[in-house]
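Written below as structure tokens is the structure these notes are about.
Throughout, protein chains are lettered first and strands after them, A, B, ... in sequence-line order, and every chain is numbered starting at 1. These values consider heavy atoms only, across backbone and side chains, with no hydrogens, waters or symmetry-generated copies.
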Amino acid sequence: MPELPEVETTRRGLLPLVGHVVQSVTIRHPRLRWPIPSHLPQTLPAMTLNGLRRRAKYLLCDFSGETGAGILLLHLGMSGRIQLLDDAYPAEKHDHFDVAFVGGQVLRLRDPRRFGAVLWLEGAEDDHPLLASLGPEPLEDGFHAKYLQQALVNKTLAIKNAIMDGHVVVGVGNIYASESLFRSRIHPETPANSLSLKQCEKLVAEIKLTLNEALNAGGSSLRDFFGTNGLPGYFQQNYFVYARTDEPCLVCGRPIKTMRLGQRSTFFCSHCQKARVKS
DNA sequence: CGAATCTCCTGGAGGC
DNA sequence: TGCCTCCAGGAGATTC
């Protein structure tokens, strides 16, 4: 379950590939969330990787060559991981996709549950349906309290579901939704449009803080993250509520509660997070 | 429109 | 040991 910090950590880990030229592409199991484009082994070789960007949880790899240009879009789904190998040692069971570069380095996608994606975009990425209507990046200045409150107008759904909606803000997954709401002392069921501006300020600040902490943890474990036995940064984090059902709240000591919200497990402290406001 | 539900997939945990 | 069921979850697709 890579969240935004893991995707960003992955991006940084792959930066050494920028400037390198593709040697070959191997597709072992094309059926991810969508089929991996079958033309990639013909299209990508001889192209140069010009840059690596991230939008939401998508990795955007900019390629160009004499035959054209495009963006290789990668998504890790919930079990995906990208490794940067010094050479193409034998692939294991869930290693579905390789991009080998001149010089021997290999970008390898492993994704047991195959919720991830490998797509090829040509033309302006903003026109692509997956990217066109995304909300702001949570760590950028465009995500602020007034924006959030405005984005939640007319939304009566639970705030936890609202901040996990990529049209409101991208990159807040199930873990950090629960965590940032606890840290904001907002009950996850609170109707989204009932948050005060002050609550929006607090929530925005805590989302940024939580993600930045995870990013720092991920960054510090970069080597491990790319190793075979490494744990992603988020496993190193200490959570206030996530996956701590019945354990004592780290603030008040009462047992952490869990509930289903939008088909997702949700963790909170019923004492520290005030019951939802009736509207 | 908004909101809720369904869906993809496999590994791991728990029950018997 | 083996088999079964349940659960985890990102986010687009579908339905109401």
Side-chain angles (χ1 to χ4, degrees), chain A residues 1-11 27-36 54-60 73-82 91-97 109-119 121 125 127-138 148-180 188-195 207 211 214 228-229 231-232 234-235 237 239 241-246 258-267 276 279:
Chain A
M1 49 188 126
E3 299 237 14
L4 183 142
E6 284 68 48
V7 179
E8 176 61 20
T9 298
T10 299
R11 187 190 71 82
I27 301 173
R28 299 189 189 81
H29 193 146
R31 300 199 56 86
L32 300 183
R33 173 159 199 158
W34 301 283
I36 299 176
R54 179 188 58 73
R55 179 72 175 103
K57 293 176 184 171
Y58 297 103
L59 274 176
L60 306 176
L73 177 150
L74 304 174
H75 194 288
L76 300 179
M78 74 155 289
S79 61
R81 122 186 274 182
I82 291 171
E92 293 178 28
K93 187 175 178 185
H94 299 293
D95 292 338
H96 305 314
F97 179 75
L109 174 69
R110 173 178 304 179
D111 187 3
R113 296 181 196 178
R114 296 198 274 123
F115 277 19
V118 176
L119 294 174
L121 317 187
E125 75 220 43
D127 296 336
H128 193 277
L130 290 179
L131 305 173
S133 59
L134 291 176
E137 288 288 328
L148 181 62
Q149 194 174 42
Q150 181 58 39
L152 299 180
V153 167
N154 295 333
K155 288 193 186 295
T156 57
L157 83 172
I159 183 61
K160 190 212 175 213
N161 295 333
I163 58 175
M164 289 180 65
D165 179 351
H167 304 285
V168 173
V169 59
V170 301
V172 180
N174 200 42
I175 296 174
Y176 298 127
S178 280
E179 286 298 300
S180 55
E189 278 186 298
T190 309
N193 63 355
S194 72
L195 262 62
I207 287 173
L211 290 176
T228 49
N229 299 318
L231 297 175
Y234 56 83
F235 280 132
Q237 275 198 306
Y239 298 129
V241 292
Y242 183 80
R244 295 194 63 241
T245 308
D246 293 335
T258 183
M259 66 187 300
R260 300 290 288 184
L261 215 47
Q263 315 293 92
R264 291 290 176 266
S265 33
T266 302
F267 305 89
R276 65 198 178 99
S279 56

Problem - Rounded distance (nearest 0.5 Å) linking atom CD of A/Glu179 with atom CG of A/Asn174 - result: 10.5 Å
Completion exercise
Distance col, row A/Asp95:CG vs A/Lys93:NZ, nearest 0.5 angstrom, shows 12.0 Å
Problem - Interatomic distance where CZ belongs to A/Arg33 and C1' belongs to B/dC9 [whole Å] - result: 11 Å
Exercise for the section: With rounding to the nearest 0.5 Å, note down the distance linking CG in A/Leu121 to OH in A/Tyr58. Expected result: 10.0 Å
Handout entry: Nucleotide of B/dG2, C/dG10, B/dT10 approaching A/Met164 most closely (side-chain heavy atoms)
Key = C/dG10
Practice task
Rounded to the nearest angstrom, tell me the gap between atom CZ in A/Phe267 and atom C1' in C/dG9.
Solution key: 12 Å
Exercise for the section: Verify the stacking flag for A/Phe115 against C/dA11: centroid separation must be under 5.5 angstrom and the ring planes must differ by under 30 degrees. Expected result: no
Exercise for the section: Determine the contact category for A/Arg31: base if any of its heavy atoms lies under 4.0 Å from a base atom, sugar-phosphate if only primed atoms, P, OP1 or OP2 are that close, otherwise nothing. Expected result: nothing
Exercise for the section: Would you mind telling me which residue lines up with the more 5' stretch of DNA chain C, A/Leu134 or A/Arg113, judged by nearest nucleotide? Expected result: A/Arg113
Problem - Minimum-distance nucleotide to A/Gln263 side chain [options: B/dT5, C/dG10, B/dG2] - result: B/dT5
Exercise for the section: May I have the distance from A/Arg260 (atom CZ) to B/dC6 (atom C1'), rounded to whole angstrom? Expected result: 13 Å
Handout entry: A/Asn161 CG - C/dG12 C1' separation (whole Å)
Key = 16 Å
Problem - From B/dT5, B/dC9, C/dG10, nucleotide with atom closest to A/Arg114 side chain - result: B/dC9
Exercise for the section: Give A/Asn154 one of three labels, base, sugar-phosphate or nothing, depending on what nucleic acid heavy atoms sit under 4.0 Å from its own. Expected result: sugar-phosphate
Handout entry: Among C/dG12, B/dA4, B/dT10, the one nearest A/Leu157 by side-chain distance
Key = B/dA4
Handout entry: Any N/O donor-acceptor pair, A/Arg264 side-chain to C/dA8 base, under 3.5 Å
Key = no
Exercise for the section: Describe the nucleic acid contact of A/Leu32 in one word from base, sugar-phosphate, nothing, applying a heavy-atom distance below 4.0 Å. Expected result: nothing
Problem - Length of the CG-P vector between A/Asp165 and B/dA3, whole Å - result: 9 Å
Handout entry: Spacing between A/Leu76 atom CG and C/dA11 atom P, to the nearest angstrom
Key = 10 Å
Practice task
Could you tell me whether the side chain of A/Glu8 and the main chain of A/Arg54 form a donor-acceptor pair under 3.5 Å?
Solution key: no
Handout entry: N/O (side chain, A/Ser79) to phosphate O (OP1/OP2, B/dT10) under 4.0 Å
Key = no
Exercise for the section: Check whether any side-chain N or O of A/His167 sits under 3.5 Å from a backbone N or O of A/Ser133 as a donor-acceptor pair, and report yes or no. Expected result: yes
Exercise for the section: For the side chain of A/His94, starting at C-beta, report the closest nucleotide among B/dG11, C/dG9, C/dA11. Expected result: B/dG11
Practice task
Considering just the side-chain nitrogens and oxygens of A/His75, establish if one lies under 4.0 Å of OP1 or OP2 belonging to C/dG10.
Solution key: no
Completion exercise
Of the candidates C/dG10, C/dG9, B/dA3, the side chain of A/Met78 sits closest to C/dG9
Practice task
Please state whether the phosphate of C/dA8, meaning OP1 or OP2, lies under 4.0 angstrom from any side-chain nitrogen or oxygen of A/Tyr242.
Solution key: no
Handout entry: A/Tyr176 side chain near C/dG9 phosphate (N/O to OP1/OP2, under 4.0 Å)
Key = no
Handout entry: Spacing of A/Leu261 atom CG relative to B/dA3 atom P, expressed in whole Å
Key = 13 Å
Completion exercise
When rounded to whole Å, the CD to C1' distance for the pair A/Glu189 and B/dA4 reads 15 Å
Practice task
Report yes if at least one side-chain N or O of A/Ser265 is closer than 4.0 Å to OP1 or OP2 of C/dC7; otherwise report no.
Solution key: no
Exercise for the section: Identify which nucleotide among C/dG9, B/dG11, C/dG12 has an atom closest to any side-chain atom of A/Lys93, counting heavy atoms from C-beta outward. Expected result: B/dG11
Handout entry: Pairwise distance NZ(A/Lys155) to CG(A/Leu195) - rounded to 0.5 angstrom
Key = 13.5 Å
